[in-house]
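Accompanying notes for the structure given below.
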Amino acid sequence: MRRFRLAVLLVASVAPQALLVAAPALAQSSQSAASQPANSKTNAAQPATQPTNDAPQSGLLGPILDLFDPSRVAAREPPTIDATPYNLTIDVKTTERDIRNAVTDASNLERLKGRPPAGSAGLIRRALSDGPAINAALYSLGYYGSKIRITVAGNDPDAPNIFDIVETSRKRGPVPVVVTVDPGPQFHFGRIAILDAKTRRPLLDAPSLASLGFEPGAAALATTVVRAETSLTNHWREAGHPFARVVDKDVVADHAVRQLDVTFYVEPGPPATFGRFTVKGAEFLTPRFIEDRIEIAPGTPYSPDVLNRLRRRLLEYEAIATVRLIEADHLEPDGSLPITIEVSPRKPNYVGFSASYSSTDGSAINGYWGARNLFGGGETLRLDAQVSWFGQESEAVPDADPFGYKLSATFVKPGIITARDDLITSAAVLREVTNAYVREAGTFLAGVRHRFNDEMSLQVSADLEQSRVWDTTGVNDYFIAGVPFEFNYDSTDNKLDPSKGIRFTGIAEPFAKLGDADGMPAMLNARFSTYYALDEAKRYILAGRVAAGSIFGADLTDVPPQRRFYVGGGGSLRGYDYQSASPRNADGIVIGGRSYFEASFEARIKVTDTIGVVPFVDMGSAFASEAPDFDEMKYSAGIGLRYYTSIGPLRLDVAFPLNPGPDDGSYGIYVSLGQSF
């Protein structure tokens with residue numbers, strides 16, 4: 001039986017499944033003193049050379065090619081001084097692919113073979129580092145009785161005269177290096193105990209072993225032990241114990257029965273409540289701006305989730321760049337925990353631009369300027385100037401100029417009534433070109449948004465529009481006045497690229513005036529999306545979206561064309577022309593509908609940390625009836641490419657109609673910033 005400690009574990013950057021464990025004593029004890037050299041295929045590591053005209057150059061696609069071929073980078077690096085090339089042989093005594101890949105990925109000798117080390121000392125250091133690294137990789141797979149032998153020029157790397165041996169060998173050519181690994185049997189978890197660090201007795205309020213990953217008979221992965229230590233600390237912190245910690249652990253490998261017994265010694269610490277909050281660095285904001293938004297009453301039981309919600313809530317204000325929540329290292333006599341909030345400002349002004357392209361929707365370029373803390377109370381002002389090009393002839397107005405524009409201003413004033421109420425106003429002058437109509441308009445929206453909690457809000461606004469519209473019926477002037485009620489619920493973990501949670505937006509807008517419609521027509525519109533990560537690293541995410549809407553109390557011809565529903569294009573049904581999956585008149589020209597339905601499903605798969613692929617399926621249509629009747633539904637499918645940046649994913653989608661009509665195209669291409677939903 002062998003007793004040891006898993007001291008420090010770090011995820012290897014080149015092999016996520018391999019963990020580097022700082023346990024050199026164990027690594028050395030598990031190396032075999034005598035093992036025969038391997039007979040597997042030999043790979044020669046050639047010395048680096050000066051870049052030549054034949055070396056892979058960067059070019060326009062260089063960074064992308066470098067991701068898939070690291071040798072391109074090595075070929076451009078300067079040569080190593082006193083380079084010591086070597087031939088490497090790795091022999092793993094198993095047919096299990098996971099084990100072989102883990103050993104190869106963990107080996108520094110393998111990973112760095114394209115860059116020969118400097119001198120014999122460099123080669124020996126590299127060889128000596130392979131033992132602990134490979135051992136750690138095997139621990140991560142549950143193999144604790146491995147035998148590893150590394151030889152350099154036929155000798156152990158710690159031989160007394162090893163440097164002379166290497167110097168002699170390198171004169172004859174690349175130095176032979178052999179790594180032989182016998183992983184031994186896989187261990188499984190045996191006895192697992194969670195004890196009080198002071199009394200050495202079981203903790204009755206400990207989480208279940210199953211929740212920590214210790215299923216009976218499960219493979220004894222080192223990663224499970226490390227994650228369990230973090231989970232135990234989080235369990236008691238979430239139960240109101242801010243100073244909870246795992247003070248020690250025993251990990252015992254029983255080779256007779258091939259089991260790993262683990263004992264955790266936990267110090268939960270005392271329970272606590274939230275005490276006083278002290279704010280620092282908020283001089284750029286009006287007095288008590290931060291204090292009024294803390295919303296944590298003294299005496300509230302301590303919870304790290306409550307603190308995380310506070311941090312996210314404060315960071316939603318554009319004026320605030322960073323938020324640090326610093327917990328005191330002691331409790332007050334009344335059992336409360338003081339918290340210090342440190343904030344810092346963002347730059348007061350910003351400028352930027354964005355662009356989008358679609359082979360079906362048209363293209364647009366937008367420039368903007370913004371102020372983040374206009375009057376010192378977190379007010380924001382943003383001015384946008386957009387130029388668009390429809391890219392094709394409008395069916396309804398064939399002789400219309402395809403260029404459009406939009407000049408808009410948006411102003412937000414936080415805390416207009418209470419800290420939970422924000423004033424939101426926007427105004428725009430625009431020209432819009434579509435297949436169904438051409439519109440020139442002035443719009444104005446002003447409302448108050450009330451936040452119920454960190455996930456739910458309700459906004460009530462006044463919606464005004466004066467417009468002139470060209471469509472198949474000619475030229476018409478419209479005045480619109482409505483009162484939209486917009487309810488939002490968002491439990492996602494990331495605004496730009498969510499991996500879990502749901503989003504829901506529901507709008508109900510009764511109109512006092514809606515074009516030529518009499519009475520009190522109204523519009524209902526709802527969108528729901530959900531996200532689910534299949535793995536802990538969030539490399540595989542399923543995303544779904546459903547949307548539907550209806551206009552009732554008005555005939556189709558009485559509703560202004562710009563307020564009707566349309567489906568088709570990059571924002572709804574990819575692969576079909578913009579607005580094309582919508583009702584048409586007798587001449588086959590799109591006129592829009594009084595209801596619609598859309599649905600999308602995506603599988604978001606990260607190939608690397610920066611590149612992802614997204615297969616997707618869309619469906620949808622607009623209908624002339626007040627409620628969707630699902631006749632003539634359109635379907636499409638496609639594939640997307642994502643390039644992940646710090647400000648969100650860059651999106652390229654290619655979609656193909658699955659049941660196109662005679663007037664539909666054969667594909668659609670869409671380029672923009674951000675996920676499709």
Side-chain angles (χ1 to χ4, degrees), residues 3-11 19 21-23 139 189-215 218 220-252 260-278 294-314 323-342 454 493 500 536-537:
R3 183 181 299 273
F4 60 92
R5 305 200 183 280
L6 297 178
V8 180
L9 293 91
L10 301 173
V11 178
L19 298 182
V21 184
Y139 291 167
F189 284 119
R191 177 181 175 274
I192 308 297
I194 303 172
L195 306 180
D196 187 297
K198 294 180 179 179
T199 65
R200 290 302 198 260
R201 294 179 179 177
L203 286 164
L204 300 180
D205 55 347
S208 68
L209 296 181
S211 68
L212 298 174
F214 296 114
E215 297 287 352
L221 310 184
T223 50
T224 302
V225 178
V226 177
R227 283 197 297 265
E229 186 171 353
T230 302
S231 297
L232 288 170
T233 301
N234 291 339
H235 169 78
W236 270 282
R237 280 178 56 82
E238 291 167 0
H241 299 257
F243 302 121
R245 63 193 183 105
V246 177
V247 299
D248 200 2
K249 62 179 177 290
D250 282 339
V251 182
V252 180
L260 193 73
D261 298 331
V262 185
T263 302
F264 297 96
Y265 299 98
V266 181
E267 188 176 281
T273 60
F274 284 113
R276 70 181 186 278
F277 283 81
T278 303
I294 293 175
E295 300 178 0
I296 302 175
T300 301
Y302 169 84
S303 168
D305 182 62
V306 170
L307 288 180
N308 288 333
R309 287 173 176 268
L310 172 60
R311 179 187 292 107
R312 290 197 300 267
R313 185 163 64 248
L314 294 177
V323 176
R324 292 185 62 210
L325 301 178
I326 305 172
E327 302 177 10
D329 58 2
H330 65 281
L331 298 181
E332 297 291 346
D334 61 356
S336 64
L337 179 69
I339 306 291
T340 299
I341 303 177
E342 289 186 357
D454 294 327
D493 58 343
K500 66 177 181 180
E536 187 175 350

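All residue numbers refer to positions in the sequence shown, counting from 1.
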Point-to-point distance, once rounded to the nearest 0.5 Å, from [atom1] of [X] to [atom2] of [Y]:
{"X": "Leu209", "Y": "Ile192", "atom1": "CG", "atom2": "CD1", "result": "7.0 Å"}
{"X": "Asp454", "Y": "Glu295", "atom1": "CG", "atom2": "CD", "result": "7.0 Å"}
{"X": "Leu203", "Y": "Leu195", "atom1": "CG", "atom2": "CG", "result": "7.0 Å"}
{"X": "Ile341", "Y": "Ile326", "atom1": "CD1", "atom2": "CD1", "result": "10.0 Å"}
{"X": "Leu232", "Y": "Leu212", "atom1": "CG", "atom2": "CG", "result": "5.0 Å"}
{"X": "Phe277", "Y": "Ile296", "atom1": "CZ", "atom2": "CD1", "result": "4.0 Å"}

- request: Using atom types as modelled and distance alone, determine if a side-chain donor or acceptor of Asp261 lies under 3.5 Å from a backbone N or O of Val252.
  value: no
Backbone of Thr340 reached by a side-chain donor or acceptor of Arg324 within 3.5 Å: no
field: Phe189 and Phe214 aromatic ring geometry - parallel, tilted or perpendicular at 30°/60° bounds
entry: perpendicular
Contact between [X] and [Y] at the side-chain level, heavy atoms closer than 4.5 Å - yes or no?
{"X": "Asp250", "Y": "Phe264", "value": "no"}
{"X": "Thr273", "Y": "Leu337", "value": "no"}
{"X": "Trp236", "Y": "Pro242", "value": "no"}
{"X": "Ile194", "Y": "Val266", "value": "yes"}
{"X": "Val323", "Y": "Glu342", "value": "no"}
{"X": "Leu310", "Y": "Ile294", "value": "yes"}

Closest non-hydrogen atom pair between Pro271 and Leu331, with its separation: O-CD1, 3.9 Å
field: Heavy-atom closest contact (His330 atom, Phe243 atom, distance)
entry: N-CZ, 3.7 Å
- prompt: Do the charged groups of Lys198 and Glu267 touch, with an N to O distance under 4.0 Å?
  reply: no
query: Is any NZ, NE, NH1 or NH2 atom of the basic residue among Arg201 and Asp196 found under 4.0 Å from an Asp or Glu carboxylate oxygen of the other?
result: no
field: Inter- and intrachain pairs under salt bridge (charged side-chain N to carboxylate O under 4.0 Å, His left out), touching residues 203-214, at least two apart
entry: none
Identify every side-chain donor-acceptor pair in residues 299-308 under 3.5 Å, counting partners at least two apart or on other chains, and give the distances.
unit_1: Thr300; atom_1: OG1; unit_2: Ala297; atom_2: O; d: 2.6
unit_1: Tyr302; atom_1: OH; unit_2: Arg237; atom_2: NH1; d: 3.2
unit_1: Tyr302; atom_1: OH; unit_2: Arg237; atom_2: NH2; d: 2.6
unit_1: Tyr302; atom_1: OH; unit_2: Glu327; atom_2: OE1; d: 3.4
unit_1: Tyr302; atom_1: OH; unit_2: Glu327; atom_2: OE2; d: 2.8
unit_1: Ser303; atom_1: OG; unit_2: Asp305; atom_2: N; d: 3.3
unit_1: Ser303; atom_1: OG; unit_2: Val306; atom_2: N; d: 3.4
unit_1: Asp305; atom_1: OD2; unit_2: Arg309; atom_2: NE; d: 3.1
unit_1: Asn308; atom_1: OD1; unit_2: Arg311; atom_2: NH1; d: 2.8
unit_1: Asn308; atom_1: ND2; unit_2: Pro304; atom_2: O; d: 3.3

message: Side chains of Thr230 and Thr233 only: does a donor on one sit below 3.5 Å from an acceptor on the other?
response: no
